[in-house]
Amino acid sequence: MNVRCVSISATLSSRGEDGLTDGMERHVESCLQCRREVVEHRELQRALVELKQVTYRAPAEIPLRVMDSIGPWSVPTHAEKRDHRTVVAAAAAVATAAATAAAGTAVLLLRHRQRAA
Amino acid sequence: MERERVESQQPRDLVDRARTGDRDAFGELVRIHQHEVFTLAVRLVRDRDLASDVTQDAFVRAWRAMPQFRGDAKFSTWLHRITVNTAWTHRTKRNRVRLDPLESLPSEPESAAIDPVRAGESASAAPSIEHALKGLSTSVRSVVVLKDIYDWSHAEIADHLDISVTAAKVRLHRGRKELRQILRGWKDGAE
């Protein structure tokens with residue numbers, strides 16, 4: 001196996017036959033080992049493509065297990081998500097108002113004490 | 001009668017209904033896609049029990065994410081992406097406690113578990129190559145499976161497996177080379 005053979009083998013694995021240059025193709029025609037590599041590459045690709053048609057049968061209990069896992073509740077719809085955002089925004093507004101009121105009260109109390117002193 | 005009515009629905013309609021929280025429609029999608037999801041899971045994790053857990057978890061994640069499915073990709077493609085992410089999560093969890101994933105591998109090709117109808121169309125090299133894939137490391141096999149069987153791009157693979165595009169290309173190169181060597185060994189042994 002010479003440097004060119006190694007290079008052809010690497011090209012087949014990374015880019016396939018499309019990656020072979022004209023020079024490489026000429027070498028393949030005259031090199032038994034590289035011809036074998038090309039044939040093996042084609043067989044491998046064909047077999048991998050065939051695998052697309054092969055399906056493993058899932059265990060029979062899968063649908064039941066899935067439906068048990070997701071429970072009886074429904075997925076949040078976009079409308080519900082909007083409602084959720086509204087509730088969060090309202091809660092944030094209330095919290096801000098409460099914090100402002102508390103701070104205001106604290107300031108008033110402080111001033112009242114200062115005047116009293 | 002209700003079941004007949006559901007089964008007559010087109011998948012697109014089922015997806016639309018499932019997106020709005022229709023459990024019956026989602027259940028039908030599970031029945032339609034369970035075998036392809038399980039097949040992908042088996043190829044990624046090499047363990048039938050773990051693949052069952054991955055399949056179940058992938059569908060649960062899909063159900064929760066249904067409102068976000070916009071239909072830009074095919075539903076099955078979207079489901080495959082969720083399955084890959086789920087398989088990766090399960091493998092990571094398992095590897096934290098046990099580092100011998102090869103032990104749970106069946107020693108023979110699982111031809112009995114292959115759908116007889118569809119397997120009949122590819123009776124030639126498919127079982128051999130499936131068995132050869134099991135000889136690859138998880139990181140290399142995942143890239144070969146997603147690129148050469150599921151036609152994912154290098155960028156998609158890199159994104160979902162959390163590796164660089166260069167790493168994806170290197171692993172694909174290594175995987176194809178190893179597969180050729182494995183198959184050559186078998187062929188030479190048979191001659």
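We name chains A, B, ... by the order of the sequence lines, and we start the count at 1 in each one.
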A:Pro63: partners by side-chain contact (heavy atoms from CB on, under 4.5 Å), with sequence neighbours left out:
B:Val30, B:Arg31, B:Gln34
Is there a salt bridge (Lys or Arg N to Asp or Glu O under 4.0 Å) between B:Asp159 and B:Arg81? Walk through the geometry before answering.
CA-CA 10 Å; B:Asp159 184 33; B:Arg81 288 182 190 143; over 6 Å; no
Counting heavy-atom pairs under 4.5 Å with chain B, which one of A:Gln45, A:Glu40, A:Arg15 comes out on top?
A:Glu40
Evaluate the side-chain proximity of A:Val54 to B:Arg43: yes if any heavy-atom separation is below 4.5 Å, no if none is.
yes
Pair A:Tyr56, B:Glu130: side-chain N/O donor-acceptor within cut-off below 3.5 Å:
yes
Given that the side chain runs from C-beta out, which part of B:Ile149 has a heavy atom under 4.5 Å from chain A: side chain, backbone, both or neither?
both
Are B:Asp22 and B:Leu14 side-chain neighbours, meaning at least one heavy-atom pair lies under 4.5 Å?
no
Grouping ILVMFWY residues whenever side-chain heavy atoms fall under 4.5 Å, the cluster of A:Val28 otherwise contains A:Ile8, A:Leu12, A:Leu20, A:Met24, A:Val38
Residues B:Asn85 and B:His160: side-chain donor-acceptor under 3.5 angstrom:
yes
Can you say whether A:Glu61 sits under 4.5 Å from chain B via the side chain, the backbone, both, or neither, judging by heavy atoms?
neither
Taking only heavy atoms into account, what residues of residues 163-180 of chain B are found under 4.5 Å from chain A?
B:Leu172, B:His173, B:Arg176, B:Lys177, B:Leu179, B:Arg180
Chain A contact via B:Leu133 - which portion, at a heavy-atom distance below 4.5 Å:
side chain
Residue list, side-chain contact (heavy atoms from CB on, under 4.5 Å) with A:Arg26, at least two apart or on another chain:
A:Asp22
